[in-house]
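Each remark here refers to the structure printed beneath this line.
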Amino acid sequence: MAQEMIQEFLQLRKAYIDQTLTRLNPMQRKAALTTQGPLLILAGAGSGKTTVLIQRIANLVLFGQAYTSDKIYGTVTQQAVDLLRQAVQTGKEPAGFEEIVAPMLSVGAVRPWNVLAITFTNKAAGELKSRLESRLGQAGQDVNASTFHSACVRILRRDAERLGFPKSFTIYDTDDQKRVMKDVYKELMVDDKFLPPRSAMSQIGRMKDQLISPKDAMASPADTKEGLIAKIYDLYSRKLKAAGAMDFDDLIYHTVCLLQDNPDVLEYYQQKFRYILVDEYQDTSIAQFHLVRMLASGHNNICVVGDDDQSIYRFRGATIENILNFEQHFPGAQVIRLEQNYRSTSHILDAANCVIKNNSGRKGKTLWTENGQGEKIQHYVAENEQDEAYHVAMTIGANLKQGAHLKDHAILYRMNAQSGPVETYFARAGIPYKIVGGQRFYDRKEIKDVLAYMAIVANPRDDLRLRRIINEPGRKIGGTTLDRMAEIAGGLGISMLEVCRHAADYPALARGAKAISGFVEIYDQLCRAHDTMPLDTFVTELLDITGYKAMLNADKEKGQDRLENIGQLISSVRTYADQKGPEASLAGFLEEVALISDIDSYDEESDVVVLMTMHAAKGLEFDYVFILGMEEGVFPSDMCRFSDEELEEERRLCYVGITRAKKRLYLSSSQSRMIFGRTQRNRPSRFLDEIDPGLMDEEMSPALQRQASRSWGSNRLFSDDSYPTNSRAGRSTLGSYGQGFGGGASRPQPTSGRTRPAAQQSAARPAGGAQAGRTMGFGGGFAAGSQRPAAAPAQAAASKGAAFQPGDTVDHKVFGRGKVLKVTPVAGDTIVEIQFDKVGVKKTMANYAPIQKVEE
DNA sequence: ACTAGCCACTTTTTT
DNA sequence: AGTGGCTAGT
C-alpha cells in the first residue's frame with residue numbers, strides 16, 4: 001500500500017514538474033530536464049533557447065534531479081499525495097501545498113549561487129537575471145550570470161596578486177593598447193611599414209586566445225617576422241604588467257593561467273560553480289574553452305548552447321571547432337537539437353536556409369516553422385546609398401500607416417560607416433532613430449580624459465593614463481620631460497608618478513621640477529577628495545581641482561558640448577553609486593565602463609528605429625528588418641575575397657541578419673556607392689543569388705527605371721558586361737519598363753540637368769541629382785502614387801518649402817498631424833517647425849520630411 | 001611649448 | 001570624406 005502511494009507520488013511529482021514547463025515543445029522540454037553531465041544544445045535561430053535556458057536553471061533550482069530520481073525527501077502521506085494531485089489537476093497550488101508538499105518536490109536542489117551562466121553581452125546577462133527573478137524571486141538574482149570578461153574580472157580581482165598584478169588593475173581598451181604598442185615600436189625600433197601595429201596587435205591577441213605565452217612565442221619563431229612579433233609581444237606584456245594593466249584578451253588569458261597554476265583557487269571555483277551554462281558557444285575561443293573545461297571538470301555539469309551557423313567572431317579568435325568537437329571534448333555528452341523556429345515566417349526562414357546551405361563544415365540542421373508563409377522578401381535595387389536610405393524611410397512610413405511602430409524596424413548593415421546616409425536622411429526627415437555601436441560614448445576625448453584622472457587615483461602605477469592627462473590642461477610639462485621621466489621610471493623599475501614625487505632629486509628633470517610638483521599637489525588633492533567624498537561628488541570636484549572644467553569653459557567652440565558629455569558621465573557615476581550602494585568603488589566603476597558595450601544600453605522599449613551592424617544584432621529580433629548594401633565587396637566584404645573560410649563567415653553573418661526578421665525582410669543593393677571616399681559600382685551580392693527567386697520580389701528604384709528607359713536604345717546600363725551575374729536584375733528592369741511603356745502611362749522623364757544647368761546644379765549641391773530624385777519621390781509617395789515625378793528638382797524644392805506657412809495643418813508620416821509654427825528658409829531648403837498633436841514640437845527639413853499640407 | 005597645416009590612413013566585424 | 005597624428009615653424 002505504502003509502495004503504491006510512493007509510486008503515485010513519484011508519478012504526480014513528474015507530472016507536476018512537467019506542468020511547470022507547459023510552454024515547451026518536446027525537444028525544448030528534454031533540454032530543460034537534462035540536468036546532469038555534459039549537454040550540447042544546438043539551438044537554431046529563433047528556437048526559443050533563452051526560454052529553455054531559463055526553464056533549465058529554474059528546474060535545477062526548484063527541483064534538482066527530482067524529475068528523474070526515485071528519491072523522496074520526507075515521508076509520503078495520503079495528504080501529500082492528495083494535495084499534489086490537486087495541484088496537478090487544477091494547475092494551482094492548494095492551501096498547505098507550500099508547507100507539506102513543496103519540500104518533497106526537490107531532490108538535491110541546486111543553490112542558485114552554484115550556477116554560473118555565461119552570456120555573450122552584459123545585456124543578455126541582465127535579461128537572463130531579470131527573467132530568472134520573475135520566475136524564481138530572489139533566488140534568480142543569486143544566480144551568477146555574466147560575460148566571460150566580467151566573470152574573469154571578478155575572479156582576477158580576488159587573486160590578481162598571485163600573478164603579480166595589483167587587485168585594482170586597470171583594464172586597457174583598444175586605444176590604450178595602441179598607445180602602449182607605439183612605445184614598444186619605438187623602443188624596439190620596429191618599422192611600422194614592415195609590420196603594421198594593427199596586425200601585430202591582432203596577432204598577439206590571437207596568441208593569447210590560444211594560450212601562447214610570450215615565452216612560448218619567443219621559443220619557436222617560424223621566421224623573422226614571427227620572431228619580431230614574439231619580441232613585441234614580450235615587451236608589450238612586460239609594459240602592461242609594469243603598469244598594472246590588462247587588456248581584454250588578458251582578462252581571459254590570465255584567468256586561465258591563474259587557475260592552471262593555483263590548484264587551490266581552481267578548486268574553490270569548481271566547488272562554487274557546480275552547474276555551468278555557456279550561451280553562444282559557437283563564438284568561444286580556445287582560452288575560453290580551457291577556462292570552461294577547467295571549471296567544469298569538478299562536477300562535469302556543463303551545458304553549452306549554440307548554433308554553428310551563427311558563428312561570426314572568428315576574426316576575434318572564436319573557433320567554431322569548440323562547438324563542432326564538443327562531444328569529443330566532453331565524453332558522454334548528450335546532444336539536443338532545437339530546430340523549430342518560432343520567430344520568422346517561412347519565406348524568411350527558407351531564404352536563410354537557402355543561403356546557409358552553401359556552407360560546408362556545418363553540423364547540419366534545417367529550421368522549420370509553423371508560422372505562415374508571410375509576405376515575400378523584397379529586394380530593392382537602389383541607384384545609390386541616398387536612394388537606398390530614402391527607400392528605407394518610405395517603407396517604414398508605409399508600415400507605420402499599417403499600424404507598425406518605429407521600434408519594430410531595424411536597419412542592419414555590414415560596416416558602421418554605412419549608417420551615415422540613413423542617419424543623415426532620418427535626421428533631416430525627423431524620423432527618430434538610434435544608432436547602436438560605432439564610436440562609443442566612452443571613447444570621446446573629454447570622457448577618456450576624466451576617466452584617466454579617475455584611473456590614476458585608483459591605480460597610481462598606470463603610467464599610460466598619467467601621460468594622457470599630466471598636461472591636460474596644459475601645465476608646461478612637455479614631451480621631453482615626459483620621455484626623461486619615463487626613462488628614469490623604467491630604469492628604476494618604479495612608476496612615473498613615483499618619479500614625479502621626487503622630481504627635484506633628478507637633475508634631468510630640474511627644469512620641469514616646479515611644474516611637476518604642481519601636478520603632484522593636484523594628484524594628492526584628488527586622492528584626498530576620493531577618500532572623503534561620495535563617488536559622484538569626487539568626480540565633480542575632480543573637474544575643479546584639475547582645472548579641466550576651467551579649460552572647457554574657456555573653449556567657446558566645443559567646451560559646452562564636452563561639459564555636457566561629462567555631465568552625462570557624472571550622472572552615470574551617480575547611477576552606479578546608487579545601484580551598488582556601499583559596494584560602489586572607483587575601480588568598480590571604471591571596470592564597468594571598460595566592459596560595457598553599446599548594445600548593452602540598447603533599450604527596446606523606446607519607440608525609435610534602430611540602426612546597427614549585423615554583428616551587434618545577434619540575439620535580437622524585429623518585425624521588419626532591412627539589410628543594406630547587399631553587394632559584392634560590401635557584403636560579402638572585400639576582405640574575404642581570397643579566403644573561403646572568411647567567405648563562409650560572411651555567409652553565416654548573412655544568415656544571422658536574415659533570421660533577425662519576424663514578419664518582413666527587405667534587402668537592398670545599390671548600383672553605386674561611395675565607399676572609403678571612392679564611388680564604386682558593385683554587382684549585387686552573391687547571397688541574393690543564393691536565395692530562391694520564388695521567395696523574393698524585386699523592385700527597382702524609380703530613378704533607375706527612368707535611366708533604363710533612356711538607355712534602352714543603347715542597352716548599355718544593364719548589359720551583361722557590366723553586371724555579369726545579375727541577369728535577374730536586368731530582366732526585371734526591362735519587364736517593369738516594358739509594362740510602363742506598353743501601357744503608355746509613362747514617358748521617359750527629362751533629366752534634372754535639362755531643366756537646370758548641370759554646372760549650376762553641381763555647384764549648388766554636389767549630389768543634387770540624387771537628392772532631387774528623393775525629394776520628388778517623397779512627393780509622389782505622399783500623393784498616394786497618383787503623381788509622377790516630373791517637375792524640375794529646383795522648382796520642386798523651392799515650391800515644397802514655400803508651400804508651408806505658419807498656421808498650416810500638416811500630416812507627417814511618422815508623427816501624425818501638427819500645426820506649422822515657423823518657416824525658416826535656409827540654403828536650398830526650408831526648416832519647418834511643427835507643433836504635433838502627439839509628440840510635441842519638432843523641426844524638420846521641408847525637402848526631406850514626409851510631410852504634406854492638409855486642407856482644413 | 002604650442003599651433004597650424006598637411007598628410008596619411010582609415011573601415012569588417014567587438015568583449 | 002573625414003579625422004587624427006605628425007611635422008615644421010613660431
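Quick note on labels: first sequence line is chain A, next is B, and so on, each numbered from 1. Keep in mind that this is a model prediction, so the values were computed, not measured. Excluded from the calculations below are hydrogen atoms, water molecules and symmetry mates; all remaining heavy atoms, backbone and side chain alike, are included.
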With respect to the side chain of [X], which nucleotide from [options] is positioned closest?
{"X": "A:F248", "options": "B:dT13, C:dG4, B:dT15", "value": "B:dT15"}
{"X": "A:R198", "options": "B:dT14, B:dT10, C:dG4", "value": "B:dT10"}
{"X": "A:T481", "options": "B:dT14, B:dT11, B:dA1", "value": "B:dA1"}
{"X": "A:F315", "options": "B:dT13, B:dC2, B:dT11", "value": "B:dT13"}
{"X": "A:K182", "options": "B:dT15, C:dC6, B:dT11", "value": "C:dC6"}

Interatomic distance, [X] [atom1] vs [N] [atom2] [rounded to whole Å]:
{"X": "A:Q288", "N": "B:dT14", "atom1": "CD", "atom2": "C1'", "result": "12 Å"}
{"X": "A:I675", "N": "B:dC9", "atom1": "CD1", "atom2": "P", "result": "19 Å"}
{"X": "A:M181", "N": "C:dG5", "atom1": "CE", "atom2": "C1'", "result": "18 Å"}
{"X": "A:D209", "N": "B:dT14", "atom1": "CG", "atom2": "P", "result": "16 Å"}
{"X": "A:L251", "N": "B:dT14", "atom1": "CG", "atom2": "P", "result": "19 Å"}
{"X": "A:M201", "N": "B:dT14", "atom1": "CE", "atom2": "P", "result": "15 Å"}
{"X": "A:K178", "N": "C:dG4", "atom1": "NZ", "atom2": "P", "result": "10 Å"}

task: Looking only at non-hydrogen atoms, find the nearest pair between A:L611 and A:Y413 and report the distance.
output: C-OH, 3.4 Å

- prompt: Are side-chain heavy atoms of A:Y172 and A:D462 found at a separation under 4.5 Å?
  reply: yes

message: Applying a 4.0 Å non-hydrogen cut-off, can you work out what A:F635 is touching in the nucleic acid: base, sugar-phosphate, or nothing?
response: nothing

message: OP1 or OP2 of B:dT13 versus the side-chain N and O atoms of A:N416: is any pair under 4.0 Å?
response: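 Checking B:dT13 against A:N416, a side-chain N or O does come within under 4.0 Å of OP1 or OP2.
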
task: Kindly say if A:S637 contacts the phosphate of B:dT11, meaning a side-chain N or O under 4.0 Å from OP1 or OP2.
output: no

field: Aromatic plane relationship, A:F120 with A:Y313 - under 30° parallel, 30 to 60° tilted, over 60° perpendicular
entry: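 Rings of A:Y313 and A:F120: tilted, 30 to 60°.
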
- request: Would you check, one step at a time, whether the test salt bridge (Lys or Arg N to Asp or Glu O under 4.0 Å) holds for A:R206 with A:D209?
  value: CA-CA 5 Å; A:R206 296 303 71 80; A:D209 287 334; 2.9 Å; yes

- request: State which residues pass side-chain contact (heavy atoms from CB on, under 4.5 Å) with A:S237; sequence neighbours excluded, sorted by chain then number.
  value: A:P214, A:Y233

